[in-house]
Each structure stands twice: as C-alpha cells, then as structure tokens.
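Comments concern the structure below.
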Amino acid sequence: PLQRFLLIWNGQGLQLSQQEFDCSFSPLFLDGVAIGSGGCGRDGFTRAVPLSRSTGTEGSAFLGLSTVLACVMMTSLSGPLYQIAVPLHRIQFPWRWMVVTTSTVPLLLGYFFQAALRFRQRLRQGMGVGVCLGLLAFSVTLGLDRTSVSFSPTLIQQFATLMAQRPPFPQEPEVDPDHAEHFLGWHWAYPQGLAFVDAFEYRPLTASNNPVPPPQPYELASWLQGSGPIQIRRWRYGERQIRVEPDPDRPRLLALRTFAYPGWGVWRDGQAMPVQAGSDGRLVIPIPPQATEISVIYQGTLAERGGTALTWMTLLGLLGAGG
C-alpha cells in the first residue's frame, strides 16, 4: 500500500498519484474529502439553522470525522501508521478505505439535505437543497463513470471463453512460456485456456522470487526426495487426500502443488503435524518409511474465523433489534 497512495507527499507538497489504475479513484477521493469536511463543520450548521439535538448534529460530526480519517488513510500522510501497524499492509490498496466513505457519504448527504430544509429563508433553503442534490448527482455520476470504465462486455465474454477452454480442476493448461500472453493484468492466457492469477502480494514469502509463469508444469504431488507410488485419492478445493508408498531406503520428502499458505492443516496417518514450506513455497511433507495416508485440509485463518464470528454477531444483533 505504501506505493499506491492516492495523494503523495513529494517533499515539496501533496500531489495526486498517477500509479496504475489508482489515479481514476482520485475524483471519488476528493468528493469524500469535501463532504467529510462539511460533516466535521457541524457547528456552522448549528449556528445557521435552529436544529434540535434529535436531528443528529453529533452524528454528523462522527460521520464527517470517519470520512476524513478514511481519506487520510488513502494518502501518504498515514504512511507512518502503515509502518507501525503491520496488519495494515494486508489492505494492499489504500483506496479500499473507500468502503468506509461509501457508507458515511450518503448519510452525510442526508444530513445536509435535512439541514437545508430547515433554513427559514426560501432562497437559502432552495440553494441548500440544490447544493445537496448537486453533490448527490456528482457522487452518483462518479460511481457510474468508474463502473463503466472497468466494465467491458467484450473482455467479460473473452474471459468466459478462455475459462470454458481450460481443463477441469485440478488440471491446468499446459505451460508454454513462448505462447503465454497477459490478460486482464495478472491472468495468463494459453492456447488451452486461462491460468495463473498471480500478484506479488498474494504469494507466500518463500515463493516471492518464483518466475511467472512457472518454467515447467508441476504434478499434484511429487517427490522432492525419495521415490515410490503416489496415489491421489481426492483433490478438491480446500482438501487433498493422498496415499504414498515410499522406498524405505531413501530420504523421503513429498511436495504438493499447493502453496503453504496460513490456514492449511496437515495430517499424516491421522496425526496433525506442522505445515512446512519448501524453497519454492510449495507445501512439503516428510514421509515415514512405510505406506502413509496424507490429509491436507484448509481450515481458515484466525482472521477468517474472527470475521465470520463478527458477521454472525452483527446479523443476530440486527435480527434482535428488528424483533
């Protein structure tokens, strides 16, 4: 994220970023800054319009501050926070803070509209309502424009065609570096179909230097050390079941065509064991000298389980409030 801020301090002043596609979010960013700043200035509304506490002046200040804070997190001004709080690196794109502004900006516009209707003078009332409707139209237009830029029926049809051509999972198109072509950024198009959705941030650290596309195809399971029959009993999304009968007289280390991401669990003959990564980032499993049953199951990370729990708690809370 430190390289993708929407507003960057260049040593002399702040300037809008022009990196990759992020610059196209700049108008939405500036729109959020303007509306959020208006929400922070609630005292001006309070003095100009006789609002009661029930109209939510305190709420507008909270929404305004939340919007401005989210916008600051999209700029290099928040760079030190990213350095201190390593989990912020997982955001990857600072414009993802717009998930906050998409909630707060509409609420702020509603507050502005309510405040404008309370002006006593018709002219000021009309001007206030006009400004609110103009801001609403501007925000909606920006969103629709961004959607139209990223939406291409031709590309979607091409993507569907390439996906239909590829072999069924877990097979992959035959690697042919001479005929591989970039498609939609990190995708790779081969004569046999689409493959390899790849980005540096998505790789395990042990695989950060792997060439893309890979120089050769990988078997689902293969020996890094040792030999012997390998039987793939099951290979599904999130689950692998393998039986091996190794040569007992040689060192034995099995590698799977699966990166050793957090969240995977490995069982060897029913006994849990630590997840290990090879030099290329693939999941590797030491094998005893006898025939062995291997189970590899994705269990999810602590962040996933925590997010699921929060989602259910929120849903139950909403159901309880509605009842």
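Note that the coordinates shown come from a computational prediction; the quantities given were computed from them, not determined experimentally. Counting from 1, the numbers follow the sequence of the chain as shown.
The heavy-atom pair separating Arg252 from Asp247 by the smallest distance is CD-O, 3.8 Å. Across every non-hydrogen atom of Leu81 and Leu88, the tightest pair is O-CD1, 3.7 Å. Nearest heavy atoms, Leu256 versus Ala221: CD2-CB, 3.8 Å. Considering all non-hydrogen atoms of both residues, Gln171 and Pro167 come closest at CB-CB, 3.7 Å. Of all non-hydrogen atoms in Ser37 and Val68, the two that sit nearest each other are N-CG2, 3.8 Å. Of all the heavy atoms in Ala260 and Val275, the pair that sits closest is CB-CG1, 4.1 Å.
Side-chain N or O atoms of Arg257 include none that pairs as donor or acceptor with a backbone N or O of Leu220 at under 3.5 Å. In this structure a side-chain-to-backbone donor-acceptor pair under 3.5 Å is missing from Arg166 to Leu162. Without hydrogens or angle criteria, Arg233 side chain to Ile294 main chain gives no donor-acceptor distance under 3.5 Å. Judged purely by atom type and a 3.5 angstrom limit, Arg96 uses its side chain to pair as donor or acceptor with the backbone of Ile91.
For the pair Trp95/Leu6, a side-chain contact is recorded, criterion being any heavy-atom separation below 4.5 Å from C-beta on. Taking 4.5 Å as the limit, every side-chain heavy atom of Leu254 sits out of range of all side-chain heavy atoms of Leu224. Side-chain contact between Leu253 and Ile285 is absent, with no heavy-atom pair separated by less than 4.5 Å. Between Trp97 and Cys71 the shortest side-chain heavy-atom distance does not fall below 4.5 Å. Residues Val296 and Ile242 form no side-chain contact, since every pair of their non-hydrogen atoms from C-beta on lies 4.5 Å or further apart. By the 4.5 Å heavy-atom criterion applied to side chains, Pro170 and Arg236 are not counted as neighbours. Counting heavy atoms from C-beta on, the side chains of Thr101 and Phe29 never come closer than 4.5 Å.
Grouping the Ile, Leu, Val, Met, Phe, Trp and Tyr side chains by contacts below 4.5 angstrom, directly or via other members, places Leu65 apart from Leu30. Under the 4.5 Å side-chain contact rule for hydrophobic residues, Leu135 and Leu107 share a cluster. The hydrophobic cluster containing Phe169 also contains Leu283, counting ILVMFWY residues as joined when their side-chain heavy atoms lie under 4.5 angstrom apart, directly or transitively. A continuous path of hydrophobic side-chain contacts links Tyr237 to Phe259 [ILVMFWY only; heavy atoms under 4.5 Å]. Hydrophobic clustering of Ile, Leu, Val, Met, Phe, Trp and Tyr side chains at less than 4.5 Å, counting indirect connections, unites Val131 with Leu63.
With sequence neighbours left out, Pro251 forms a side chain to side chain contact (heavy atoms under 4.5 Å, CB included) with Gln225. Under the side-chain hydrogen bond (donor to acceptor under 3.5 Å, both in side chains) criterion, Thr292 pairs with no residue at all, not counting sequence neighbours. Residues that satisfy the side chain to side chain contact (heavy atoms under 4.5 Å, CB included) test with Phe138, not counting sequence neighbours, are Asp31, Leu142. Take Gln241 and apply the side-chain hydrogen bond (donor to acceptor under 3.5 Å, both in side chains) test, not counting sequence neighbours, and it matches Glu239, Ser295. Under the rule for a salt bridge (charged side-chain N to carboxylate O under 4.0 Å, His left out), Glu219 has no partner lying at least two apart in sequence or in another chain. Every side chain to side chain contact (heavy atoms under 4.5 Å, CB included) that Ala291 has, sequence neighbours left out, goes to Arg243, Glu245. Judged as a salt bridge (charged side-chain N to carboxylate O under 4.0 Å, His left out), and not counting sequence neighbours, the contacts of Arg282 are Asp280. With sequence neighbours excluded, the residues satisfying side-chain hydrogen bond (donor to acceptor under 3.5 Å, both in side chains) with Ser227 are Arg250. Residues that satisfy the side chain to side chain contact (heavy atoms under 4.5 Å, CB included) test with Val140, not counting sequence neighbours, are Leu136, Leu144.
A ring-centre distance under 6.0 Å is found for Tyr82 and Phe5.
Atom CE of Met273 is surrounded by more than 12 heavy atoms from other residues, nucleotides or ligands within 6.0 Å.
A distance of 10.5 Å separates CD of Gln114 from SG of Cys132, quoted to the nearest 0.5 Å. In this structure, OG in Ser103 is found 11.0 Å from CG in Leu108, a value given to the nearest 0.5 Å.
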Contacts under 3.5 angstrom, residues 261-272 side chains, donor-acceptor by atom type, not counting sequence neighbours:
from	atom 1	to	atom 2	distance (Å)
Tyr261	OH	Tyr202	O	2.3
Arg268	NH1	Pro286	O	2.6
Asp269	OD1	Glu293	N	2.9

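At a cut-off of 3.5 Å, with distance as the only test, a side-chain donor of Thr67 or Thr104 sits close to an acceptor on the other residue.
Sorted by first then second residue, the side chain to side chain donor-acceptor pair (under 3.5 Å) pairs that include residues 296-309, not counting sequence neighbours, are Tyr298-Glu304, Thr301-Glu304.
Residue Leu117 shares its hydrophobic cluster (ILVMFWY side chains chained together at separations under 4.5 Å) with Phe113, Val129, Leu133.
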